[in-house]
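Heavy-atom basis, side chains included; hydrogens, waters and symmetry copies ignored.
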Amino acid sequence: MATASALSSLSSLSLHNRTSLIISSKPIVSFSFLKRSSPLTLLKASSSDQIETFFFEDENPEITANAVFDPPSPPEGFVAPPYFDEGADETEAEIATAFEELYGPAYSGESLLGKDVNVMDSKIKKGGGGIGGSKPKKDKIRDGFEERVVQVRRVTKVVKGGKQLKFRAIVVVGDKQGNVGVGCAKAKEVVSAVQKSAIDARRNIVQVPMTKYLTFPHRAEGDYGAAKVMLRPASPGTGVIAGGAVRIVLEMAGVENALGKQLGSNNALNNARATLAAVLQMRQFRDVALDRGIPMEELWK
């Protein structure tokens with residue numbers, strides 16, 4: 001029954017009358033299709049245990065058998081190009097010219113400013129340090145922040161071989177527009193300690209909230225260790241009435257009218273960080289009103 005249905009399905013397929021069909025004795029469930037790119041017809045025959053594929057010849061085999069290759073004749077004056085391995089090798093100048101045509105002019109040692117790079121390198125003094133040597137100077141960072149040294153102290157570290165002497169520097173940086181930071185670092189030289197402290201201060205920048213009169217929006221208190229700092233807003237024309245590290249931090253932040261008081265310890269580093277802790281507790285009135293979802297006028301009712 002299955003064989004009869006398979007033969008009836010094959011008889012209904014269009015296989016072109018001029019194509020010779022080969023059918024095996026096994027039951028076949030197949031399909032055929034004709035590719036547009038070539039006159040080759042493909043027939044797949046499948047069974048339960050084996051898959052067989054039959055290919056048919058071209059429709060007109062006598063045309064391809066009798067075909068003759070007849071290329072066109074070359075025009076007059078035609079000269080065949082030489083092979084790639086014939087002729088003399090290219091010179092270095094020809095290779096450089098071809099490279100510049102593809103990738104642009106090569107570097108000739110002249111920069112855009114017209115100065116030889118090698119000559120500029122020879123003018124830079126590279127000292128090895130130590131006795132008779134000088135270390136290269138580092139340019140000052142220019143990012144809009146001013147630096148103020150609060151304190152420089154000598155500190156020692158006791159090790160197995162004796163004591164190691166270093167310098168500890170406390171630096172406050174600020175742009176006088178509400179941004180200020182405090183840094184502390186140690187080094188064997190004072191200049192290096194100050195530079196490292198300035199870098200550390202730039203990593204700890206905080207925003208100081210201020211009103212249009214360049215004062216605080218409200219009171220605040222902050223502590224760091226044993227140091228405690230009290231900050232109060234002031235009317236225009238009062239100035240910064242504070243002392244020690246608190247005054248330096250407020251001036252570098254751009255505060256012009258404020259009252260500050262150190263309570264407890266006199267440690268400069270702890271007082272400077274306590275000032276930042278007090279500043280971080282302050283909030284603008286518009287931020288409070290926005291968090292509460294009410295207009296600013298409702299805050300004073």
Pair K157, V155 - check side-chain contact (heavy atoms from CB on, under 4.5 Å), show working. CA-CA 7 Å; K157 178 181 179 182; V155 293; over 6 Å; no
Does a side-chain heavy-atom distance below 4.5 Å link E221 with R232? yes
Side chain of S265, backbone of A226: donor and acceptor closer than 3.5 Å? no
Are V173 and M210 connected in the hydrophobic side-chain network, where two residues link if heavy atoms are under 4.5 Å apart? no
dist K186:NZ -> R153:CZ (nearest 0.5 Å) comes out at 10.5 Å
Quick one: does T215's side chain have a donor or acceptor within less than 3.5 Å of a partner on N257's backbone? yes
So which atom in F216 and which in P233 form the shortest heavy-atom distance, rounded to 0.1 Å? O-CB, 3.2 Å
Check whether any side-chain heavy atom of V180 lies under 4.5 Å from a side-chain heavy atom of V172, and answer yes or no. yes
For residues A169 and S197, report the shortest heavy-atom separation together with the two atoms involved. O-OG, 2.8 Å
Distance-only, no hydrogens or angles: does the Q262 side chain make a donor-acceptor pair with backbone N or O of A227 under 3.5 Å? no
To the nearest 0.5 Å, what is the distance between CE (M296) and CG (D287)? 9.0 Å
In Å and rounded to the nearest 0.5 Å, what is the NE2 to CE distance from H218 to M282? 6.5 Å
Are any side-chain N or O atoms of Q281 and backbone N or O atoms of G222, one a donor and one an acceptor, separated by less than 3.5 Å? no
In this structure, would L250 and M230 fall into the same cluster of hydrophobic residues linked by side-chain contacts under 4.5 Å? no
With the side chain counted from C-beta on, respond yes when L299 and V288 share a heavy-atom pair under 4.5 Å apart, and no when they do not. yes
Check the hydrophobic clustering (I, L, V, M, F, W, Y; side-chain heavy atoms under 4.5 Å; chains of links allowed) and say if V249 and V150 are grouped together. yes
Between the SG atom in C184 and the CZ atom in R273, the distance rounded to the nearest 0.5 Å is 6.0 Å
Salt bridge or not between E189 and K196? Use side-chain N to carboxylate O under 4.0 Å. no
If we ignore hydrogens and angles and just use 3.5 Å, is the side chain of R247 paired with the main-chain N or O of V240 as donor and acceptor? yes
Which value, rounded to the nearest 0.5 Å, describes the distance between I95 atom CD1 and E92 atom CD? 5.0 Å
Please step through side-chain contact (heavy atoms from CB on, under 4.5 Å) for the pair V229 and L231, ending with a clear verdict. CA-CA 7 Å; V229 173; L231 300 179; 3.9 Å; yes
Is the side chain of D175 donor-acceptor paired with the backbone N or O of N179 at a distance under 3.5 Å, no angle test? yes
E298 bridged to R292 by N-O distance under 4.0 Å: no
Which atom pair, heavy atoms only, marks the closest approach of P209 to P217? O-CD, 3.5 Å
Just wondering, do V182 and N204 contact through their side chains at under 4.5 Å, heavy atoms? no
Quick one: are L276 and V208 in side-chain contact, heavy atoms under 4.5 Å? no
List the atom of G183, the atom of A201, and the distance in Å for their closest heavy-atom pair. N-CB, 3.4 Å
Any donor-acceptor pair under 3.5 Å linking the side chain of T238 with the backbone of A234? no
Same cluster (ILVMFWY, side-chain, under 4.5 Å), Y213 and I241: no
hydrophobic_cluster_shared for V194 and I205, side chain cutoff 4.5 Å: yes
Is the backbone N or O of N267 less than 3.5 Å from a side-chain atom of N271, with the two atoms forming a donor-acceptor pair by type? yes
Nearest 0.5 Å, please: how far is CD1 in I170 from CD in Q151? 4.5 Å
Within the 4.5 Å heavy-atom criterion, are L214 and V255 side-chain neighbours or not? no
Would you check if M252 and E146 make a side-chain contact, meaning some heavy-atom pair closer than 4.5 Å? yes
Please report the shortest heavy-atom distance between A277 and D223, naming the atom on each side. CB-O, 4.2 Å
Heavy-atom pair with the smallest gap, counting every atom of A187 and A193: CB-N, 3.5 Å
Under a 4.5 Å cut-off applied to non-hydrogen side-chain atoms, are T156 and K166 in contact? no
